[in-house]
Amino acid sequence: MFIRAEGLIDGRQLSVPKSYFPSFENASQSDLQNYELSGKGIGIHWDSLDEDLYVPNLLMQDTSVSDEKKRA
């Protein structure tokens with residue numbers, strides 16, 4: 001399962017494995033699709049999940065997952 005964000009300021013679309021983000025593990029597809037771009041596309045916000053992701057980190061493949069999670 002992937003998290004997808006469309007409509008970034010430069011037209012790119014992001015697709016990131018849902019497993020990278022523990023807070024999304026139990027999220028419904030409806031919750032995942034209900035996001036807002038913030039800061040002129042620099043962030044992605046899911047109000048119902050109380051989650052924010054920083055787009056530049058995603059583009060650099062930095063998901064900020066702890067080493068513990070990576071080993072799991």
| task | Side-chain contact test, heavy atoms from C-beta onward, threshold under 4.5 Å: evaluate it for Leu53 versus Phe24 and give yes or no. | result | yes
| Residue pair Lys18 / Ala27: nearest heavy atoms and the distance that separates them | NZ-O, 3.4 Å
| Qualifying residues under side-chain contact (heavy atoms from CB on, under 4.5 Å), relative to Ser28, sequence neighbours excluded | Ser30, Asp31
| How would you list, by chain and number, every residue that makes a side chain to side chain donor-acceptor pair (under 3.5 Å) with Asp52, sequence neighbours excluded? | His45
| query | Below 4.5 Å, heavy atoms only, C-beta onward: do Asp47 and Asn34 meet side chain to side chain? | reply | no
| field | Check: Ile44 and Leu58 side chains under 4.5 Å, non-hydrogen atoms | value | yes
| query | How long is the span from the OH atom in Tyr54 to the CE atom in Met60, to the nearest 0.5 Å? | reply | 7.5 Å
| message | Is there a side chain to side chain contact (heavy atoms under 4.5 Å, CB included) between Leu49 and Phe21? Walk through the geometry before answering. | response | CA-CA 12 Å; Leu49 301 172; Phe21 305 98; over 6 Å; no
